[in-house]
Amino acid sequence: MEHPQSDSMPQDLSEAMKEATKEVHTQAENTEFMRNFQKGQVNREGFKLVMASLYHIYVALEEEIERNKGNPVYSPLYFPEELHRRAVLEQDMAFWYGPHWQEEIPYTPATQRYVQRLHEVGRAEPELLVAHTYTRYLGDLSGGQVLKKIAQKALDLPSSGEGLAFFTFPNIVSATKFKQLYRSRMNSLEMTPEVKQRVVEEAKTAFLLNIQLFEELQQLLAEDTKEQSPSKAERLRRRVPGKITNVTPMETPRGKPQPNVLSQAPLLRWVLTLSFLVATVAAVGLYAM
Ligand code: HEM
């Protein structure tokens with residue numbers, strides 16, 4: 001008789017994750033943002049946006065990893081020297097946004113949702129953390145390397161790797177071998193079939209959070225090409241909710257600020273009314289004479 005699990009899900013967690021996320025992986029690759037990126041159609045604005053989002057995501061992810069590094073549901077996957085990205089993303093933020101990057105970088109709603117999910121998992125369901133580390137770190141060690149080369153060329157960046165520290169893993173000699181080690185550690189985690197099922201579901205959620213992020217960033221970039229300054233992405237820097245103000249002035253075709261005709265109407269009405277009153281009084285005066 002066949003094992004009941006063989007129909008539904010591979011035995012090894014790494015295989016189960018790969019299989020379950022195949023479809024969402026294709027979906028992620030085919031988002032407009034990623035399709036453009038692969039064609040080398042990425043500009044500095046788009047690249048800065050996605051890098052800032054990654055900064056927030058890795059801060060949250062690695063905070064939750066640190067919280068759970070001693071927990072057996074995660075501890076075999078603790079590889080801070082090899083994997084952790086926060087420090088390198090800080091270097092990249094300084095390169096792209098300058099010395100005051102902490103106040104400058106955008107924090108978009110889709111990024112906030114991703115960050116929120118990471119904290120929920122890390123605090124309340126740490127057995128699912130592997131789904132998020134798998135999605136990000138194995139992804140970075142795979143397609144990430146291709147994206148690095150594309151960005152270097154498209155953005156005309158120095159070969160020294162400045163601005164792209166995120167994509168380099170100096171403490172990993174062979175990405176292929178490291179991924180094998182990581183998969184075997186994933187497979188060594190003890191988990192019930194029920195937990196395994198939830199982990200696999202969470203990996204799909206992690207991909208969807210990435211897809212939603214790409215869709216949002218694409219939308220922001222599209223709006224910016226239509227709108228005049230300040231860009232929507234720039235306005236997202238003002239992180240206080242409800243304080244995102246639309247200060248775009250009305251523009252003439254030549255770009256000069258034009259007074260709003262509607263806002264002047266009350267004044268016009270007053271001038272006309274006053275003239276009418278003066279004329280009436282004068283007429284009545286003349287008639288009485
Ligand atoms: C243009 C976009 C992308 C390209 C070209 C790409 C490419 C690849 C390639 C070629 C592999 C296979 C590597 C191997 O088998 O050793 C891979 C694996 C992987 N990718 Fe992507 N990828 C992209 C986007 C993404 C995104 C957005 C994510 C998630 C955030 C992601 C997560 C992963 C993961 C987790 C793996 C490892 C799968 C496994 O071995 O179990 N990828 N990717």
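Counting starts at 1 for both ligands and their atoms, following the listed order.
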- Task: Considering only non-hydrogen protein atoms, determine which one is nearest to atom 27 (C) of ligand 1 and report residue, atom name and distance to 0.1 Å.
- Result: F214 CE1, 3.6 Å
- Would the number of heavy atoms belonging to other residues, nucleotides or ligands and lying under 6.0 Å from CD of E23 be above 12? no
- Message: Return the closest protein heavy atom for atom 7 (C) of ligand 1 as residue, atom name and distance.
- Response: G143 CA, 3.5 Å
- Message: Between R117 and E64 (salt bridge meaning N to carboxylate O under 4.0 Å), is one present in this structure?
- Response: no
- Query: Would you say E66 and H84 make side-chain contact, with heavy atoms under 4.5 Å?
  - Reply: yes
- Could a heavy atom of V146 be found less than 4.0 Å from some atom of ligand 1? no
- Query: Going by heavy atoms, is M17 under 4.0 Å from ligand 1?
  - Reply: no
- Message: Any non-hydrogen side-chain atom of K18 less than 4.5 Å from a side-chain atom of K22?
- Response: no
- Query: Taking the side chain as C-beta and beyond, is there a heavy-atom pair between W96 and R44 under 4.5 Å?
  - Reply: yes
- Task: Answer yes or no: does an N/O atom from E29 fall short of 3.5 Å to an N/O atom of ligand 1?
- Result: no
- Task: Would you check the N or O atoms of Q38, main chain and side chain alike, for any that come under 3.5 Å of an N or O of ligand 1?
- Result: no
- Identify the closest protein heavy atom to atom 11 (C) of ligand 1: which residue and atom is it, and at what distance? S142 CB, 3.7 Å
- Item | Contact with ligand 1 for R183, non-hydrogen, under 4.0 angstrom | yes
- Starting from atom 21 (Fe) of ligand 1, which protein heavy atom do you reach first, and at what distance in Å? H25 NE2, 2.1 Å
- Note on the structure: Rounding to 0.5 Å, atoms CD (E29) and CD1 (I211) come to a distance of 10.5 Å
- Message: If the cut-off is 4.0 Å to any non-hydrogen atom of M34, which atoms of ligand 1 fall inside it?
- Response: 1 (C), 2 (C)
- Min side-chain heavy-atom separation L217-T108 under 4.5 Å: yes
- Between E201 and K204, is the closest basic N to carboxylate O distance under 4.0 Å? yes
- Message: Would T135 count as a polar contact of ligand 1, with the cut-off being nitrogen or oxygen pairs under 3.5 Å?
- Response: no
- Is the Lys NZ or Arg CZ of R85 less than 6.0 Å from the centre of F169's six-membered ring, within 45° of the axis? yes
- Query: Can you say whether the rings of H132 and Y114 are parallel (under 30°), tilted (30 to 60°) or perpendicular (over 60°)?
  - Reply: tilted
- Task: Determine whether the side chain, the backbone, both or neither of F207 has a heavy atom under 4.0 Å from any heavy atom of ligand 1.
- Result: side chain
- What protein heavy atom sits nearest atom 16 (O) of ligand 1, and how far off is it? K179 NZ, 3.0 Å
- Item | Proximal candidate to atom 33 (C) of ligand 1 [heavy atom criterion; set A20, A206, G139] | G139
- Query: Nearest protein heavy-atom contact for atom 35 (C) of ligand 1: which residue, which atom, what distance?
  - Reply: Y134 O, 3.5 Å
- Message: Give me the residue, atom name and distance of the protein heavy atom closest to atom 15 (O) of ligand 1.
- Response: K18 NZ, 3.6 Å
